[in-house]
Amino acid sequence: MTRCYKLLHPGLTSHAGYQWVVGEWKQTDGQGDLCGPGWLHAYTHPLLAALLNPIHANIQDPILYEAEGAGLCQTDHGLKVGYTRMRIVAPLPYRAPTTEQAVRFGLACVCQVYHAPAYHQWAARWITGEDRSARAARA
């Protein structure tokens with residue numbers, strides 16, 4: 001079993017009203033794409049769940065649960081994971097990401113696909129706090 005994190009609506013439902021019960025295992029067949037009904041979706045870290053919620057499930061007032069995943073596993077380049085067996089275990093405090101966390105995450109994402117040395121140097125200076133000036137960002 002692997003520890004993972006699941007965002008749920010109030011009432012412990014996920015996409016399309018799928019009902020979750022604490023401690024109860026859910027199972028799927030692992031067929032199809034990761035975003036399809038063959039997979040139970042979660043995240044590898046609570047902050048990642050919070051950062052990606054707006055572009056994934058976009059749950060308003062999400063409830064965060066620690067979960068356990070088992071069976072087959074599929075991942076979307078580390079953005080989310082899917083298991084064929086999963087259960088929610090315990091609620092955790094949900095913390096929306098700070099602006100700084102969101103910017104750091106955005107910079108890290110861009111650095112994975114954009115390889116201009118000047119951008120990487122600027123991003124590194126922003127992340128360390130060395131230079132967060134508007135002038136440096138424009139340059």
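In what follows, residues are counted from 1 in the order of the sequence shown.
- Two residues are said to be in side-chain contact when any heavy atoms from C-beta on lie closer than 4.5 Å; Leu79 and Leu52 meet this criterion.
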Residues 33-47 side chain polar contacts: donor-acceptor under 3.5 Å, at least two apart:
{"unit_1": "Trp39", "atom_1": "NE1", "unit_2": "Gly32", "atom_2": "O", "d": "3.1"}
{"unit_1": "His41", "atom_1": "NE2", "unit_2": "Leu34", "atom_2": "O", "d": "2.3"}
{"unit_1": "Tyr43", "atom_1": "OH", "unit_2": "His56", "atom_2": "ND1", "d": "2.7"}
{"unit_1": "His45", "atom_1": "ND1", "unit_2": "Leu47", "atom_2": "N", "d": "2.9"}

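- Taking the salt bridge (charged side-chain N to carboxylate O under 4.0 Å, His left out) definition, one finds that Arg125 meets it with nothing, sequence neighbours left out.
- Of all non-hydrogen atoms in Leu107 and Trp126, the two that sit nearest each other are CD1-CE3, 3.6 Å.
- Under the 3.5 Å distance criterion, the side-chain polar atoms of Gln19 are matched with a main-chain donor or acceptor of Gly11.
- Lys80 pairs by the salt bridge (charged side-chain N to carboxylate O under 4.0 Å, His left out) definition with nothing, not counting sequence neighbours.
- Here the shortest heavy-atom pairing between Pro10 and Ile63 reads CA-CD1, 3.5 Å.
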Q: Determine, stepwise, if the pair Arg132 / Glu100 fulfils salt bridge (Lys or Arg N to Asp or Glu O under 4.0 Å).
A: CA-CA 11 Å; Arg132 294 185 176 175; Glu100 182 171 336; 3.2 Å; yes
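- Cluster annotation: Leu48 is connected to Ile55 through the hydrophobic network of ILVMFWY side chains, with a link wherever side-chain heavy atoms come within less than 4.5 Å.
- Atom-to-atom distance recorded for Glu66:CD and Leu92:CG is 5.5 Å, nearest 0.5 angstrom.
- Note: His120 NE2 to Ile127 CD1 = 10.0 Å, rounded to the nearest 0.5 Å.
- Taking both residues in full, the closest heavy atoms of Cys111 and Ala123 are given as SG-CB, 3.9 Å, listed atom of the first, atom of the second, then distance.
- Judged by distance alone, the side chain of Thr13 and the main-chain N or O of His9 form no donor-acceptor pair under 3.5 Å.
- Judged by the 6.0 Å and 45° rule, Lys26 forms no cation-pi pair with Tyr83.
- In terms of heavy atoms, Val89 sits closest to Val22 at O-CG1, 3.3 Å.
- Counting only heavy atoms from C-beta outward, the side chains of Val21 and Leu12 never approach each other to under 4.5 Å.
- Shown here is Asp61, whose CG atom has no more than 12 heavy atoms of other residues, nucleotides or ligands within 6.0 Å.
- Proximity of Met86 to Glu68: side-chain heavy atoms (C-beta onward) are nowhere separated by under 4.5 Å.
- Between Pro97 and Phe105, the closest side-chain pair of non-hydrogen atoms is not below 4.5 Å.
- Under the 4.5 Å side-chain heavy-atom criterion for grouping Ile, Leu, Val, Met, Phe, Trp and Tyr, Val103 is connected to Trp122 within one hydrophobic cluster.
- The aromatic rings of Tyr18 and Trp20 sit perpendicular, their planes meeting at an angle over 60°, well past the 30° parallel limit.
- Taking the side chain as every heavy atom from C-beta outward, Arg104 and Gln101 never approach each other to under 4.5 Å.
- Distance CZ/Arg85 to CE/Met1: 8.5 Å, rounded to 0.5 Å.
- With hydrogens and angles disregarded, no donor-acceptor distance shorter than 3.5 Å links the side chain of Thr84 to the backbone of Thr28.
- Counting all heavy atoms, side chain and backbone alike, Pro62 lies closest to Leu7 at CB-CD2, 4.0 Å.
- Considering every non-hydrogen atom in both Ala102 and Leu51, the closest pair reads CA-CD2, 3.8 Å.
- Annotation: the span from Leu72 atom CG to Gln31 atom CD amounts to 9.0 Å, rounded to 0.5 Å.
- In this structure, CG on Leu8 lies 12.5 Å from OH on Tyr94, to the nearest 0.5 angstrom.
- Following chains of ILVMFWY side-chain contacts shorter than 4.5 Å, one cannot reach Ile59 starting from Tyr65, and the two form parts of different hydrophobic clusters.
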